[in-house]
Amino acid sequence: MTDPTAPYDVLITGATVIDGTGAAPRRADIGVRDGRIAHVGAADPTATAGTVLDATGLTVTPGFIDLHSHADFSVLAMPDAEACLRQGVTTVVTGNCGLSPFPTAAGEEPAAVGPGTLAGAQWTDLDAFAAAVDAARPALNVAPLVGHGALRTAVTGAARTPAGPAELDAMRALLARAAEQGVFGMSTGLIYAPGSFATTDEIVALATEAARHGLLYATHMRDEGDRLVEAVEEAIGVAEASRVRLQISHLKAMGPANHGKVDTALALIDSAADRGLDVACDVYPYTASSTRLTSRLPDWAMDGGPSALVERLGDPETRERILTDLRPAVGRTFLPEGVVLAMLGPGRYSARIGDSIADIARDEGTEPAAAVLDVLAAHQGEVMIVNHAMAEQDVETVLRHGDAAVASDGWVLHAPGDGHPHPRNFGTFARVLARYVRERKVLELADAVRKMTSLPASRLPLPDRGTLAPGQIADLVVLDPAQVTDTATFADPWQYATGVRDVLVAGEFVLRSGATTDARPGRTLRR
């Protein structure tokens, strides 16, 4: 039994504590011992500690949990994760949008991974991926989901084909193996190939398997624009049929014609909860998304993957068919002036990073839809964009919802780097505290912290993280609520957030007095 009189490893004194539950801030000292919180309250005057940290005038919170990240494709190259630490993020949930670096077909060799690549290494299963992550000694924790797209690709490849009984059995077996190895859930990316090739029945079958193992089902829905409401209804229908716990990823409405539809989407979520379903959502605090440019195309064009798309673009008749299907979205959910090239490999348009599709179309004397296809063809179908098409009022509406967690949808973990990424990689959590708590007063500080800590922890679940209480893992953040600020902008994204002074992961300082340390106590978490 732990000796209550033993010295603390770390003693934080004079702090204003926001414990993550939504409770009002209170004055307390915090003692940390053996990687866990040992005491919260007035410290004994005789208490000793290896490190005493004076937090007078500052606020201490649980470490922030990023419920929607793609850091599994970057953490091996950027294990210091400074962009996350400077926002107070101590755990990232990966494998979202149907994308995960495992599983792969047996015998497939891992590919190289590094900052600036559009695709990451591939691993046979979670055990192999976790071994690689842990060997990289990350500064924060990684909580993995398994992607439906990875399951499907391992079984059917990149073909636009229905999954028959044998294929479904194979995907279920891979999902069960991932569950046994400790993933927290399964995700889908129904707007991306190959996830877009799946029928609702396929998703129900896999969600049923996920539910059997107690996993969370997180979905990038089939549509976030003209058919947003129908996509929410499909997601809820999957949950009703399978009884899986449902997380709707980065809820938004794309395009002016669809602004305001988040009200209906949230009403559907509330109604489902009233019927006994376990359903929630998450949101990032920006009016632009970031995604693959191919996600704007009809899914038949992606049959066989990016290389097959490039072949189709080389055939005039097929290219015209793609143009015909793409044109109706232009000006509705696809605003050419708001679609900005964020990342692409060497090629004809490499110098146009940061420019919009409207810029390129104007300069080349072509229509925007044709400019999209020209860019894709020149860069082998691998192009990332930032897409400005959302409304500030919708962002605030979703943020206010009681079951909406804050999440970044980011993957860049360190600055500077190549390309023109979305500022959410560097500013999501700081932006909520600065813009939506301090400036616009959309949220109270304690509730904003809850949406970054106990709420996402409860979705996985992570029972020993997300709250600041004795016995919990000592993932802690010391910040100044009056100063915390996101400095990354769409024009100049490579900027770290400010105002977070100290960050501890499992009781070790990874950020101390505003400077990163050499400590790398993070690891792969398993359910």
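Since the structure is predicted, the reported quantities are computational estimates derived from the model, not experimental observations. Position 1 is the first residue of the sequence; numbering continues from there. These values consider heavy atoms only, across backbone and side chains, with no hydrogens, waters or symmetry-generated copies.
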Taking Ser271 for the side chain and Ala267 for the main chain, is one N or O donor matched with an acceptor at less than 3.5 Å? no
Tell me whether [X] is salt-bridged to [Y], with the criterion being a basic N under 4.0 Å from an acidic carboxylate O.
X      : Y      : result
Lys261 : Asp394 : no
Asp475 : Arg465 : yes
Arg177 : Asp125 : yes
Glu180 : Arg526 : no
Arg152 : Glu202 : yes
Glu392 : Arg440 : yes
Asp480 : Arg501 : no
Asp278 : Arg459 : yes

For residues Ala235 and Leu246, report the shortest heavy-atom separation together with the two atoms involved. O-CD2, 3.6 Å
Minimum-distance pair of heavy atoms, taken over all atoms of His414 and Phe426: O-CE2, 4.1 Å
Do [X] and [Y] come within less than 4.5 Å of each other through their side chains, counting heavy atoms only?
X      : Y      : result
Ile18  : Pro62  : no
Leu476 : Thr90  : no
Val442 : Arg400 : yes

How would you list, by chain and number, every residue that makes a side-chain hydrogen bond (donor to acceptor under 3.5 Å, both in side chains) with Arg222, sequence neighbours excluded?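 Per chain and number, Arg222 pairs via side-chain hydrogen bond (donor to acceptor under 3.5 Å, both in side chains) with Glu234.
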Do other residues, nucleotides or ligands put more than 12 heavy atoms under 6.0 Å from Asp274 CG? yes
Does atom CD of Glu230 have more than 12 heavy-atom neighbours, drawn from other residues, nucleotides or ligands, at distances under 6.0 Å? yes
Donor on one side chain, acceptor on other, [X] and [Y], under 3.5 Å:
X      : Y      : value
Tyr286 : Thr428 : no
Thr208 : Arg212 : no
His422 : Asp409 : no
Thr13  : Asp29  : no
Asp464 : Gln472 : no
Thr21  : Thr467 : no

Checking side-chain contact (heavy atoms from CB on, under 4.5 Å) against Leu511, which of Val505, Val500, Leu504 comes through? Val500
Please verify the inter-ring angle class for His68 with His70; under 30° counts as parallel, over 60° as perpendicular, anything in between as tilted. perpendicular
